[in-house]
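Numbering of ligands and ligand atoms starts at 1, following listing order.
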Amino acid sequence: MSVFKYEKDADGIVVVTMDMTGPVNAMNAEYYQAMSETVTKLEQEEGLKGVVFASAKKVFFAGGDLNDLVKVDPDDVEAFFNGVEDTKAQLRRLEKLPVPVVAAINGAALGGGYELSLACNHRIAFNHKAVQIGLPECSLGLFPGGGGVVRLTKLIGVEAALPLILESKRLRPDAALKLGMIDATVDSLEELLPAAKAYINENPEAAIQPWDQKGYRVPGGPINSPKNAQLAVMAPTMLHQKSRGLMPQLTAAMDIAFQASMLDLDTALRIEGRNFAQIAAGPVAKNMISTFFFGLNKINGGASRPKDIAPMKTRKVGILGAGMMGQGIAYVSAMAGIEVVLKDISQDAAEKGKAYSEVLLNKRIKRGKMTEDKAKQVLDLILPTASNEDLQGCDLIIEAVFENIELKHKITKELQGYLSDDGFWGSNTSTLPITQLAEASDKPGNFIGIHFFSPVDKMPLVEIICGEQTSDEALAKAFDYTQQIRKTPIVVNDSLGFFTSRTFGTYLDEGCQLLAEGIHPARIDNLGKGIGMPVGPLQVFDETSLELSRKAQETWAEMGVTDKWGDGTVLRQVVKDMVTDNGRGGRHHGGGFYEYHSDGSKNIWPGLFDLYYKADVQIDDRDIQDRLMFRQVIETVKCLEGNVLRSVADGNIGSIFGIGAPAHTGGFLQFINTYGLEAFEQRCAELQTKFGDRFACPDIVRQTSAANKSFN
Ligand code: NAD
């Protein structure tokens, strides 16, 4: 029996219910077979009046099978292209049936699922928040190559289709309806099939796709029409500015959308297929699928969580310090329905921290994302206070006070007694070793690092740090809390700066090295962006604050820890030159490497040229870019080698979500896989000879390469 159930009713309408083996319907060999039989049967069906495509699964149709896609080899491009063409030819036959074909979308229709719907004459969806519609392929290094770019462009026009495709948007049915991506919605699942059949009965002539009708013009017109001149110039410029040419799938998708607006459907589909095969076989697709699909699934599926501990829900969280971080942690916790006690040294400071949530909630109300009632409920969950007693009974306390070990020790001793019996203590320190912080705790097993990133409401990552004595229960608690507040947890072992701060530190350090060698500061920052980092090293150092770095160095010196990532001499000197000698502590301290103006503009601080710039210093762009990239990659490998990182997936996801590693690389460890382990070793050796031992390749690369393995 086919996995596509075929039922014809008395009116001559055939309902094809997709019910493939496994949890979802997906485009794979089984699909191809079932679709082939179904289309042939429909073509031969006598008295056929219409067709409805429905799903027996929760999800309407999940799209391409990523297990297959990640394996496409550059040598197989031709065979893969032929396979794609065959799959698309089936959809073409489906849309050429002489009767209306309706997609009855009961659940998510993303990627291939929406492409299948686009090949139908009419799309009706169940209007529910679990039903997502869209083409998210670009976020995985691919583009909608099953007809998605071409048909969506033809349906709603280039200007409307491009953002949906390039930004991988997923929409709820009501939003998709407004944009013309679907044609109708129903409010209950029971209405779906009857509505699909009613459409067929009422519109027997609706069998020809708009693009197959004579004289059809794409909405907004073809891209070469004079009124699209601005779009034709601006869209590629803006795309390049955003992706810096590092995301070939985006460039290809835009190009195909442009062509689809001018060419007939079949020609455009063929161009789409050719490009798709190239992109699928390329490194960016492999990197992004490996990390954003397989890696992220591993992490979110709890691979780093101790297995035999029952789920641990957080009910009441105490947050110490209502500053920049504490106020953000309070907001995300309250948004997840957790009761929050937000404590600072004065009631006033605590109230200010709560006011931050009010601002964010008001923005949500204004954008129509939340009702006033719901916002009030969230805000009411936050109790601002200066009184210790209010912390009584918290099952989790997270401290986010100043980065000072004595202060952190003091408040741990003072306040741990307020935790419930089975309560846990988390520190949001960004650098201080958890094992040392836990020395102040009566129960070091219940002490753990819960490291957030700024701004907390936007950044998706939390780095959980296990100290030497941290128990499995504490890890499970921190992991579950992180998921409760809808963030992605990576789990690492203790080390000065853990994984993220330590690796990020090398980016700043190398920026300072280049500066001290005399390279023009604008060139350093531009080349940092050129490798795909969101911001150059000097600019980002200004943002995170040179003053904070000076303070951290002071604290480490007091604690007797020496800088473990590089010898740090140059960075210390630059920080001294800038902060101590010239009072330039960074953006929030009146300026740093840059001067910031009230109109939002900025320029390089002129004093920087006197301090460092040497016009005659010559270093290739490629060397500068590799220095900025390799420092971070080498540090990540050291974290893996030294067991700070517990898994490759944590290293890849943590580097992208926490540090801003270029997404097209799939993260700092996946970068080596694609570069080639041997080639990476060789390049490290070259950089080491030219620029110093900080580029020495860690042994683990050689060992992994000798074992014929990669970082997986
Ligand atoms: P902040 O200076 O903005 O806030 C610190 C707050 O702690 C202040 O409101 C202060 O009044 C309060 N405080 C001081 N002593 C207190 C006490 N005894 N009891 C209660 N509150 C007290 O600092 P921040 O940027 O929010 O950083 C806080 C912590 O988070 C630090 O450990 C920092 O390293 C870490 N962190 C910061 C960032 C970042 O980007 N700023 C990122 C990750 C982690």
- Task: Indicate whether the side chain of Gln416 and that of Asp442 have a donor and an acceptor atom separated by less than 3.5 Å.
- Result: yes
- Going by atom types alone, do Gln539 and Asp542 pair a side-chain donor with an acceptor below 3.5 Å? no
- Note on the structure: closest protein heavy atom to atom 31 (C) of ligand 1 is Val401 O, 3.2 Å
- Would Gln553 and Arg572 satisfy side chain to side chain contact (heavy atoms under 4.5 Å, CB included), going step by step from the backbone distance to the final call? CA-CA 8 Å; Gln553 287 167 15; Arg572 268 197 296 275; 3.3 Å; yes
- Short side-chain donor-acceptor distance under 3.5 Å, Asp348 and Ser346: no
- Is Leu407 close to ligand 1, meaning an N/O of one under 3.5 Å from an N/O of the other? no
- Quick one: sort the Phe504 and Tyr507 rings into parallel, tilted or perpendicular, breaks at 30° and 60°. tilted
- Query: Which protein non-hydrogen atom lies closest to atom 35 (C) of ligand 1, naming both residue and atom, and how far is it?
  - Reply: Asn428 O, 3.2 Å
- What's the shortest distance from atom 43 (C) of ligand 1 to any protein heavy atom, and which residue and atom give it? Phe452 O, 3.1 Å
- ligand 1 N/O within reach of Met324 N/O, cut-off under 3.5 Å: yes
- Interfacing atoms of ligand 1 (cut-off 4.0 Å, heavy-atom, Ser454): 40 (O)
- Task: Do me a favour and list the nearest non-hydrogen protein atom to atom 4 (O) of ligand 1 with residue, atom name and distance?
- Result: Gly323 CA, 3.3 Å
- Note on the structure: Heavy-atom proximity to atom 5 (C) of ligand 1 ranks first, among Ala350, Ser501, Gly321, Ala400, for Ala400
- Query: Is any N or O atom of Gly326, backbone or side chain, closer than 3.5 Å to an N or O atom of ligand 1?
  - Reply: no
- Can you list every ring pair (Phe, Tyr, Trp, His ring centres under 6.0 Å) pair that touches residues 387-422, not counting sequence neighbours? none
- Item | Nitrogen or oxygen of His451 less than 3.5 angstrom from that of ligand 1 | no
- Go through the structure and list residues passing ring-ring contact (aromatic ring centres under 6.0 Å, His included) with Phe671, not counting sequence neighbours. Phe630, Tyr675
- Message: How far is atom 2 (O) of ligand 1 from the closest protein heavy atom, and which atom is that?
- Response: Phe402 CE2, 3.2 Å
- Item | Closest approach of any protein heavy atom to atom 17 (C) of ligand 1, naming residue and atom | Ile345 CG2, 3.7 Å
- Message: Any protein heavy atom at under 4.0 Å, with atom 23 (O) of ligand 1 as the reference point?
- Response: no
- What atoms of ligand 1 come closer than 4.0 angstrom to any heavy atom of Thr429? 32 (O)
- Query: Which residue holds the protein heavy atom closest to atom 18 (N) of ligand 1, what is that atom called, and what is the gap in Å?
  - Reply: Ile411 CG2, 3.5 Å
- Query: Does Asp344 reach ligand 1 with a nitrogen or oxygen that is under 3.5 Å from one of the ligand's nitrogen or oxygen atoms?
  - Reply: yes
- Item | Step-by-step salt bridge (Lys or Arg N to Asp or Glu O under 4.0 Å) determination, Glu399 to Lys408 | CA-CA 8 Å; Glu399 68 78 9; Lys408 287 186 194 273; 3.1 Å; yes
- With a cut-off of under 6.0 Å to the ring centre and 45° to the axis, is Lys602 in cation-pi contact with Tyr596? no
- Are side-chain N/O atoms of Asp395 and Tyr481 paired as donor and acceptor at under 3.5 Å? no
- Task: Give a yes/no verdict on whether any heavy atom in Lys410 is under 4.0 Å from an atom of ligand 1.
- Result: no
- Which residue owns the protein heavy atom closest to atom 37 (C) of ligand 1, what's the atom, and how far is it? Met325 CG, 3.4 Å
